[in-house]
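What you are looking at is a predicted structure, and each value in this text was computed from that prediction instead of being measured. Chain A is the first sequence line, chain B the second, and so forth, proteins listed ahead of strands; every chain is numbered from 1.
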Amino acid sequence: MTMVAKDGVTTPKLIIDGLSKRYGDVTALEPTQLNVPTGEFLTLLGPSGSGKTTLLQMICGLVEPSSGRILVDGRDQTQTPVYRRDIGLVFQHYALFPHLTVAENIEFPLRMRALPAAELKQRVKDALAMVQLDHLAARFPRELSGGQQQRVALARSFVYQPSIILMDEPLGALDKKLREHMQIEIKQLHRETGATIIYVTHDQEEALALSDRICLMNHARIEQLGTPHEIYAKPATAFAADFIGISNIFRGQVDTSSGGEIRLSTRHGSFRLPSGATSVGKEAAIVVRPEQITLGSDKGNTVMGRVMDTVYAGSETRLIVDLDEGETLIVRLPPGHPVPAFGERAALGWNPDAAVLVP
Amino acid sequence: MNTKGIAGMTATTASALSPRQRYFRPNALWLAAPGLAFLAVFFLFPVLRLLALSVQNPASGAFSLESYARIANTDVYLQVLGITFKIAGNTAIFSILLGYPLAYWLAGLRDGLRERMVLLVMVPFWTSYLVKTFAWMVVLGRTGVINNMLTGSGLASQPFPLVYNEFGVMVGMVHAMIPLAVLTMMPIMIGIDRRLIQAAQALGAAPAQSFWLVYFKLSLPGVTAGGLLVFISSLGFFIVPALLGGRRETMLAQLIITQVQELLNWAFAGALAAMMLVAALVTCWLYDRLFGLSSLSGGETSAQNGGSGRLRLIGLAILRVIAKASAMLADVVRKVIGTRGAQLLLPIYCALALAFLVLPTLLVIPIGFTSSQFLEFPPPGYSMQWFETYFSSPVWLSATLRSFGVAAATALCATLIGGLAALALARSSTRWGGVIFATFLAPLIVPRIIIAVGLFYLFAQIGLVATDMGLVIGHTVLALPFAFVTITAILKNYDWRLDQAAAVLGANRVKTLFLVTVPLVKGGLVAAFLFAFITSFDELTIAIFVSGGIKTTLPKQMWDDMILQLNPTLAAVSVVVFVIVTVLLLLAERFRRTA
Ligand SMILES: Nc1ncnc2c1ncn2[C@@H]1O[C@H](COP(=O)(O)OP(=O)(O)O)[C@@H](O)[C@H]1O
Ligand SMILES: [Mg+2]
């Protein structure tokens, strides 16, 4: 899973080499390999307990790895104590110092680095301006709203210009609207500072909106690594397909039909596979995204069902269809497409090459 | 010696009153009435009258500042006043200094382990002052454990003077007060968000820096609260200076006892008591100005940020210097003894501190079983003779029985009155909640000696001196705060919707109380009963004045013996008292936790 950095030659900013963590019998992270190029916005996405926080805390040095190495700019940092690493960290609950004002919170890392007073002042001022909190500099954290506290935490992690910034579900405690607004601000900060950001979330929409690449995690290991589009279009596993976006998944057995063609036998029938598929005899599944399914039986693979619900969502309409053999199918109709009535029977089809075969 | 267990208090904040009531019950507040009336008559009135007595001419009753003039003009009294402040101040400083690392270590343990380790502080905390002081007399005396070891091993040619001087007093006082300091600081430390330390380190602060700049700063309310409580408690001490100190360590409470018991000079005793009370109140007032009283109960105040701007900035600057210096020191230490070695320093210190708290008392146990006529350690042989002496002595037996009876009655009264008051505050929303809460805690803050002298004066007039009734009343005043706080804490976690459910199902209020509420908070009630029982069982101050000449209580009998002559029977009695109190305490803790 080696990645070539954007310009193709330089060493990655961060190399994670065989890193793992065990707590007694619990494996928090299996040995993991991961390279992050300079300036990338990488998101660790996965359900709760999948090891995201553990990985993040090992990168910044708050948790000691059970095995493996961490290299920053090619230098081994595994044994470097947390306070000597050039890494910024934003906690989910902000972790602002309650006894310090906003300005003092932001200047804390600068003081630790013994910056000259004049430069310190200027940097704090710039950071405050960047997150539009100039007018609140003398307030204490508890006198701020959740969104404002989050901005202070951001400013505090950017102000000393660490080359890597880690964020552990930084927007988890905010409501949806504020979250979307803060996503834009974080993107902007990323552009302006050029820092390498590793961002943790369990919210797939957030991951899709922010990331250069997504590192999908499950059961203490990396499930799939790729750009949002790669993971959406080519999920490597049924879990990946299920976790990101809406998927219709048909499980079955790969076998050879009478015509010599490789097909997937499922309880809903036998389906043609994307061209190039092999692995006869194995359990497998095909993933079909809602927008790839159309009404009618002219696309190669067809299932029958009864329309149980239609959900109008502005730009599109979703059909919920109960298949004859049980299970539900979700279909996305483009705007203006005629919508079948409730209870109507319908044939639904898709182009075999639009689906993805996953193990 | 009045504040056993404010520690428990810090967990129960004044904001604990912030009610859960979903609907208004106008008359719930009346449940606090019996307690308030009781405290008004047997606590507020006697204390205030004592203050009034201090400004009266004993003969004519007219306003007069004679007593105060006498204090101001007599060197001895001024000296005693100075010594009292000095000893109390030093005790506070040392208890905080020595207790802070222990509290820090305990706060950092995972919950289950901490609950067990805290018992090692709770047991010495509740162990009778008499037993603890007796242990130190045995350890530090001229022929005591330490001197025997030193001379026996040839390390010293003659015994060191370890008691009947300031050293002995300070050892006894600090030993007695470290538990209070630890138990006050620990809840505040537990409340500190450990992620803030991680954040500080991720931002570039070395461990020593993150400690001073974040953890220590945030633990300061606990430090000041602990210091305040230890100081005020120490002001009223007399057992330790009387038994471990010499003439030059005489403290104010001892003077008051002499004035009342031997000279019957009420006005002057009142004036001395007033000085002590004023000292306590001024300390509280100063504390409030500087830190805000609500931080005593763990509440947040604006003053916690350091109040006014400039002072706060100076404080932060000082902390930064200390932080920098200790970070450098830590680097040196790590170089010398290695990182692993440095990590062991705290556990090693805490093991020593806990040994200091627990071991002296445990030493008394083998001595109780000695076959010798003297208080030797180790005993030359073992026998039950001193327990036989104890259990065949009518004086000791009747004192013991009386203590049990009084303690049981006290515990019943305190649990009932305190329980009703706790219920009242939990079930009513009133802006007087804070005042009522403070009233029930007040007997903890006012030095016991003042309450005792005030009650003695009152009882002398209404014929309650030397009666069991008088003792029970006095002890109930002292035990009430413990019962009240324990039950308040339990009710805080009680789900009042269960009561509503019972009401909907047709139970009236009394039935609901006895069929639903009481069974569910039973554990808390039992714990409250046991804490009140222990408080009375080893109470000495009130007993000295009120118990009367011939019939005594167990602590009073111990005190009389300890003043006259140390003997192995005292060791046997100490073992019995220690075992009873420890067993009851462990039971109480269990009930409190399972409630
Ligand atoms: N200090 C710890 N002690 C024991 N187990 C832990 C500890 N920290 C994390 N774990 C376990 O490691 C696994 C991964 O946790 P975490 O990295 O926090 O997941 P995530 O951040 O993805 O929700 C979980 O099963 C968790 O219970
Ligand atoms: Mg997490």
Side-chain angles (χ1 to χ4, degrees), chain A residues 53 56-64 79-115 117 138-143 152-153 155-162 164-168 170, chain B residues 110 188 191-222 291-292 295 298-313 315-317 319-321 323-324 327-328 330-331 334 339-340 342-343:
Chain A
T53 299
L56 209 66
Q57 298 210 320
M58 284 195 286
I59 294 174
C60 73
L62 288 171
V63 167
E64 208 177 320
Q79 298 304 322
T80 313
V82 47
Y83 55 96
R84 299 230 178 86
R85 295 189 191 189
D86 179 31
I87 288 180
L89 178 61
V90 182
F91 289 77
Q92 174 167 7
H93 295 285
Y94 321 138
L96 298 179
F97 303 125
H99 59 295
L100 300 179
T101 63
V102 167
E104 286 163 348
N105 260 286
I106 296 175
E107 73 182 30
F108 187 94
L110 302 177
R111 283 197 183 273
M112 291 304 110
R113 286 162 179 75
L115 247 62
R139 294 263 188 99
F140 285 97
R142 89 177 79 86
E143 299 165 334
V152 178
R156 194 176 66 173
S157 70
F158 276 97
V159 68
Y160 55 107
Q161 299 166 356
I164 301 176
I165 297 174
L166 313 175
M167 303 189 186
D168 195 352
Chain B
R110 63 194 160 71
I188 307 254
I192 295 176
D193 186 351
R194 299 271 157 164
R195 279 171 308 189
L196 294 177
I197 315 302
Q198 296 190 332
Q201 296 194 10
L203 291 169
Q209 281 176 306
S210 66
F211 168 78
W212 285 106
L213 295 177
V214 181
Y215 193 94
F216 178 74
K217 176 78 210 323
L218 293 174
S219 72
L220 267 183
F291 311 107
S295 68
E300 272 191 56
T301 60
S302 60
Q304 212 166 316
N305 298 322
S308 60
R310 181 157 302 164
L311 223 72
R312 186 177 154 272
L313 291 182
L316 286 179
L319 276 183
R320 272 197 291 270
V321 174
K324 194 105 186 233
M328 287 195 282
D331 275 343
R334 264 197 295 273
T339 312
R340 295 279 166 224
Q343 282 167 348

Problem - Contact class of Gln201(B) relative to chain A, heavy atoms under 4.5 angstrom - result: both
Handout entry: Within-4.5 Å side-chain heavy-atom neighbours: Leu316(B) and Glu104(A)
Key = yes
Problem - Minimal non-hydrogen separation, Phe91(A) against Gln198(B), with atom names - result: CE2-OE1, 3.6 Å
Practice task
Specify the closest pair of heavy atoms between Leu196(B) and Phe97(A), including all atoms of both residues, with the distance to one decimal.
Solution key: O-CE2, 3.3 Å
Handout entry: Region of Ala323(B) that comes under 4.5 Å of a non-hydrogen atom in chain A
Key = neither
Handout entry: Contact check, side chains of Pro207(B) and Tyr83(A), non-hydrogen atoms, under 4.5 Å
Key = yes
Practice task
First locate atom CZ of Arg195(B), then atom OH of Tyr94(A), and finally report the distance between them rounded to the nearest 0.5 Å.
Solution key: 11.0 Å
Exercise for the section: Identify which part of Arg111(A) has an atom lying under 4.5 Å from any heavy atom of chain B, answering side chain, backbone, both or neither. Expected result: side chain
Handout entry: Structural part of Leu96(A) lying under 4.5 Å from a heavy atom of chain B
Key = backbone
Handout entry: Backbone N/O of Leu213(B) and side chain of His99(A): donor-acceptor pair under 3.5 Å
Key = yes
Handout entry: Selection from Arg84(A), Arg156(A), Arg85(A) maximising heavy-atom pairs under 4.5 Å formed with chain B
Key = Arg156(A)
Handout entry: Tyr160(A) side chain near Leu203(B) side chain, heavy-atom distance below 4.5 Å
Key = yes
Problem - Which of Ala202(B), Ser210(B), Ala327(B) touches chain A most, by non-hydrogen pairs under 4.5 Å - result: Ala202(B)
Problem - Closest contact, heavy atoms only, Arg113(A) versus Gly204(B) - result: NH1-CA, 3.9 Å
